[in-house]
Protein chains: 2
Amino acid sequence: MLERERHSLILKLVEERSIVSVGDLLDLLGASEATIRRDINTLAERGEVKRIRGGAEAVRPRHQPHLVGMPFSLSQDISVPQKRAIARAAAELITAGESIIINGGTTTFALVEFLADHDLDILTNSFPIAAKLLATSRNRITLPGGTIFREQNIVLSPFDNDTIENFWGNKLFTGCYGLNRFGIMEADPLIVQAQTKLLKRTEDVIVMADSSKLRQKSAMIVTGLERISTIITDDGAKPEELEVFKAAGIKVIVASVNEDDELQKLA
Amino acid sequence: MLERERHSLILKLVEERSIVSVGDLLDLLGASEATIRRDINTLAERGEVKRIRGGAEAVRPRHQPHLVGMPFSLSQDISVPQKRAIARAAAELITAGESIIINGGTTTFALVEFLADHDLDILTNSFPIAAKLLATSRNRITLPGGTIFREQNIVLSPFDNDTIENFWGNKLFTGCYGLNRFGIMEADPLIVQAQTKLLKRTEDVIVMADSSKLRQKSAMIVTGLERISTIITDDGAKPEELEVFKAAGIKVIVASVNEDDELQKLA
DNA sequence: CACGAAACGATCATATACAATCAGATGCGA
DNA sequence: TCGCATCTGATTGTATATGATCGTTTCGTG
């Protein structure tokens with residue numbers, strides 16, 4: 001076996017198992033101990049594996065990278081301070097033991113962070129949100145049945161006979177593509193469908209929309225203002241932009257980004 | 001077992017249970033008491049766990065925003081070579097474009113690895129399996145609706161009006177707690193329930209059971225032998241143990257563990 | 001308070017992993 | 001085919017890890 005072959009096999013094994021011992025490689029490669037050590041050292045010098053006593057380890061830490069951090073994580077980073085501030089304000093609306101619904105989206109994803117210590121019944125159609133909730137909180141998590149749509153990372157069923165029909169949430173937290181006098185607007189028909197389903201299973205609709213969303217328009221109206229009970233936005237919103245919502249009887253909460261940072265500092 | 005393996009296993013356990021005793025680790029790591037103490041002390045010095053009398057404790061309650069890992073159960077690391085060999089054999093039964101069902105479990109989890117290049121319709125009640133499939137393959141993934149049960153990491157609905165009712169799989173892949181002349185046995189009523197639901201949605205039942213399962217008994221029979229079409233086990237199984245299955249008209253596949261390594265070598 | 005049991009740290013002999021060295025094997029170019 | 005360069009495997013001595021033992025400390029119980 002060539003040196004090259006051994007190297008790529010070692011890398012593959014390390015990738016797969018995240019840790020391999022010299023002993024394992026001894027059998028697998030059929031090479032001598034000395035050679036294997038040399039191989040590992042070479043790979044370690046190149047930074048392709050980490051040398052540890054008795055074998056080699058993956059450079060990437062041993063955590064499961066496959067849960068959060070897909071196409072999702074990219075947009076997750078946009079306007080993070082705003083989203084965090086809004087999420088923090090949203091979390092304050094939640095009382096212990098409540099049952100809530102969280103619609104998928106990057107803004108609502110930020111909410112998860114503030115739900116760690118709660119004891120809630122949560123329904124979400126977002127796979128990443130469910131994954132993070134599962135890992136970082138003790139809440140009870142329910143998923144609707146259906147196919148996972150990769151682009152949006154949401155679970156959606158083409159059928160109506162769904163677990164979702166047996167759930168009732170006190171509050172629905174949702175993001176949006178755009179928010180204006182027509183109501184909640186979305187750009188993706190799939191998301192419209194998912195959101196529409198959730199809207200039927202709750203009373204209070206809480207829209208989390210950073211101020212940029214107030215200037216965003218699209219073709220599809222998910223629901224009108226009359227269905228919305230609360231809007232949470234950030235202090236980038238101009239007072240006149242919020243008038244239309246207040247006039248419609250909606251409670252408008254403006255989350256201060258800097259204040260959020262202050263709290264962050266103290267924590 | 002390497003020092004590093006022990007360390008990460010300890011960390012994982014501490015993460016999962018938030019406290020572990022030296023005694024627990026004694027069995028699980030197969031190392032001496034002295035070594036385990038040393039390991040814990042080392043980890044404690046690094047601040048990764050908190051040393052307490054009799055064992056180790058999680059350094060902080062929870063909540064690590066970016067380190068989102070699954071609360072994987074420990075059993076995932078048990079008899080890995082057998083499970084891999086069985087999984088490899090199982091994957092060979094699958095043809096492109098097929099629609100299959102994967103029941104949750106650590107043995108079936110191993111199957112995911114071999115499904116990367118397939119183009120399948122997959123229904124699974126296992127959250128980790130869905131997560132890994134989502135990240136490592138292009139298969140279409142469907143989840144049944146329901147609540148996520150943390151211990152077993154499966155999605156299960158108390159209701160029957162479920163997405164699952166709209167799915168039909170050519171094959172069902174399932175593990176088991178025990179497998180003998182009575183059929184598939186399970187120890188957890190929740191798993192019985194989940195498995196029973198899946199059994200209704202397929203024709204071919206393929207049981208993946210490492211040889212230790214053939215000597216395992218339990219109180220609950222999920223289904224009798226007549227429902228099983230194929231059994232895949234490893235070469236640790238004695239021929240006479242397999243007779244009863246063959247007599248029942250079941251196809252029995254024995255996956256060679258070493259052969260698996262051979263294939264590994266060539267890859 | 002006294003007692004026994006369990007957990008602990010220190011110590012030591014042994015086992016294992018390691019780097020260095022060198023001779024032989026192998027690959028490669030002339 | 002030869003000769004050079006490189007790679008490989010065996011050997012050696014050294015460093016480190018491990019497991020058993022033992023005396024000490026801590027904890028719980030009567």
Side-chain angles (χ1 to χ4, degrees), chain A residues 1-62, chain B residues 1-61 74-81 257-258 261-267:
Chain A
M1 182 179 294
L2 264 47
E3 185 176 14
R4 222 23 177 310
E5 291 181 89
R6 289 198 312 272
H7 284 188
S8 60
L9 195 45
I10 291 173
L11 284 175
K12 192 177 164 196
L13 281 166
V14 165
E15 178 80 11
E16 254 176 48
R17 309 189 189 176
S18 73
I19 196 168
V20 282
S21 70
V22 174
D24 290 348
L25 294 170
L26 208 65
D27 299 334
L28 248 43
L29 303 187
S32 78
E33 218 174 293
T35 302
I36 290 170
R37 277 187 225 292
R38 271 190 284 256
D39 284 343
I40 295 180
N41 288 340
T42 308
L43 291 170
E45 275 172 34
R46 289 194 215 143
E48 308 203 52
V49 300
K50 209 166 120 195
R51 184 73 167 105
I52 57 171
R53 189 182 172 81
E57 194 187 34
V59 176
R60 192 170 33 159
R62 198 193 150 69
Chain B
M1 182 176 294
L2 265 47
E3 183 178 19
R4 203 40 169 284
E5 289 183 279
R6 289 198 313 270
H7 285 184
S8 51
L9 208 52
I10 291 173
L11 285 175
K12 197 195 263 185
L13 277 166
V14 166
E15 177 85 9
E16 216 178 273
R17 310 188 189 174
S18 73
I19 190 167
V20 283
S21 72
V22 174
D24 291 347
L25 294 170
L26 208 64
D27 298 334
L28 287 157
L29 304 186
S32 77
E33 216 173 296
T35 301
I36 289 170
R37 276 187 226 292
R38 271 190 284 254
D39 284 342
I40 296 180
N41 288 341
T42 308
L43 291 171
E45 275 172 34
R46 291 194 214 142
E48 308 203 52
V49 300
K50 206 167 120 196
R51 185 73 167 103
I52 55 172
R53 190 180 172 79
E57 196 185 34
V59 62
R60 62 188 130 180
L74 176 75
S75 61
Q76 193 173 343
D77 296 326
I78 301 176
S79 52
V80 172
V257 175
N258 291 331
D261 282 345
E262 290 303 317
L263 289 168
Q264 190 65 19
K265 206 187 290 180
L266 297 173

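In what follows, chains are A, B, ... by sequence order, proteins preceding strands, each numbered from 1. Bear in mind that the values here come from a model prediction, so they are computed numbers and not experimental data.
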Can you check each nucleotide of nucleotides 21-30 of chain D against protein heavy atoms at under 4.0 Å and return B for base, S for sugar-phosphate only, - for none, in 5' to 3' order?
-> -----BS---

Less than 3.5 Å apart, which donor and acceptor atoms pair up between the side chains of residues 23-35 of chain B and the rest of the protein, not counting sequence neighbours?
residue, atom, partner, partner atom, Å
B:Asp24, OD1, B:Ser21, OG, 3.3
B:Asp24, OD2, B:Arg17, NH1, 3.4
B:Asp24, OD2, B:Ser21, OG, 3.3
B:Ser32, OG, B:Thr35, N, 3.3
B:Ser32, OG, B:Thr35, OG1, 3.2
B:Glu33, OE2, B:Arg37, NH2, 2.2

Rounded to 10°, tell me the angle between the two end axes of the helix from C:dC1-D:dG30 to C:dA30-D:dT1, each built from five pairs.
->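 Nearest ten degrees gives 40° for this helix.
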
Base, sugar-phosphate, or nothing: which does A:Ile36 touch, judged by heavy atoms less than 4.0 Å apart?
->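 Contact class for A:Ile36: none.
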
Hey, does A:Glu3 reach any base, or is it just sugar-phosphate, or nothing, if we go heavy atoms under 4.0 Å?
->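 Sugar-phosphate, no base atom in range.
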
Minimum-distance nucleotide (side-chain atoms of B:Ser32 versus D:dG19, C:dA17, D:dG9) |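 My answer, after comparing the listed nucleotides, is D:dG19.
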
[X] [atom1] to [N] [atom2], straight-line distance once rounded to whole Å:
{"X": "B:Arg37", "N": "C:dG9", "atom1": "CZ", "atom2": "P", "answer": "7 Å"}
{"X": "B:Glu33", "N": "C:dT11", "atom1": "CD", "atom2": "C1'", "answer": "16 Å"}
{"X": "B:Met1", "N": "D:dG19", "atom1": "CE", "atom2": "C1'", "answer": "16 Å"}
{"X": "A:Ile52", "N": "D:dA17", "atom1": "CD1", "atom2": "C1'", "answer": "14 Å"}

Where do N or O atoms of nucleotides 27-29 of chain C meet protein N or O atoms at under 3.5 Å, pair by pair?
none

Please report the shortest heavy-atom distance between A:Gly47 and A:Val59, naming the atom on each side.
->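 Of all heavy-atom pairs spanning A:Gly47 and A:Val59, the closest is O-CG2, 3.3 Å.
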
Among residues 19-27 of chain B, which residues get a heavy atom nearer than 4.0 Å to DNA chain D?
->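 Per residue number, the list is empty: none.
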
Which of residues 38-51 of chain A sit near DNA chain D, with a heavy atom under 4.0 Å from it?
->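 Heavy-atom contacts with DNA chain D come from A:Arg38.
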
Report the residues that fulfil side chain to side chain contact (heavy atoms under 4.5 Å, CB included) with B:Leu43, sequence neighbours left out, ordered by chain and then residue number.
->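 Scan of B:Leu43 (side chain to side chain contact (heavy atoms under 4.5 Å, CB included), adjacent residues dropped) gives B:His7, B:Ile10, B:Leu11, B:Arg46, B:Glu48, B:Val49.
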
Distance below 4.0 Å between B:Thr35 side-chain N/O and D:dG19 OP1 or OP2 =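 Affirmative; the distance criterion is met.
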
Check whether any side-chain N or O of A:Arg6 sits under 4.0 Å from OP1 or OP2 of D:dT8, and answer yes or no.
->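 For D:dT8, OP1 or OP2 has a side-chain N or O of A:Arg6 closer than 4.0 Å.
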
List in chain and number order the residues that pass side-chain hydrogen bond (donor to acceptor under 3.5 Å, both in side chains) with A:Arg51, two or more places apart in sequence or in another chain; answer none if no residue qualifies.
->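 Result, side-chain hydrogen bond (donor to acceptor under 3.5 Å, both in side chains) vs A:Arg51: A:Asn41.
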
Using 4.0 Å as the upper bound for N to carboxylate O, is an ion pair formed by B:Glu3 and A:Arg53?
->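 Between B:Glu3 and A:Arg53 there is no salt bridge, as every charged N stays at least 4.0 Å from the carboxylate O atoms.
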
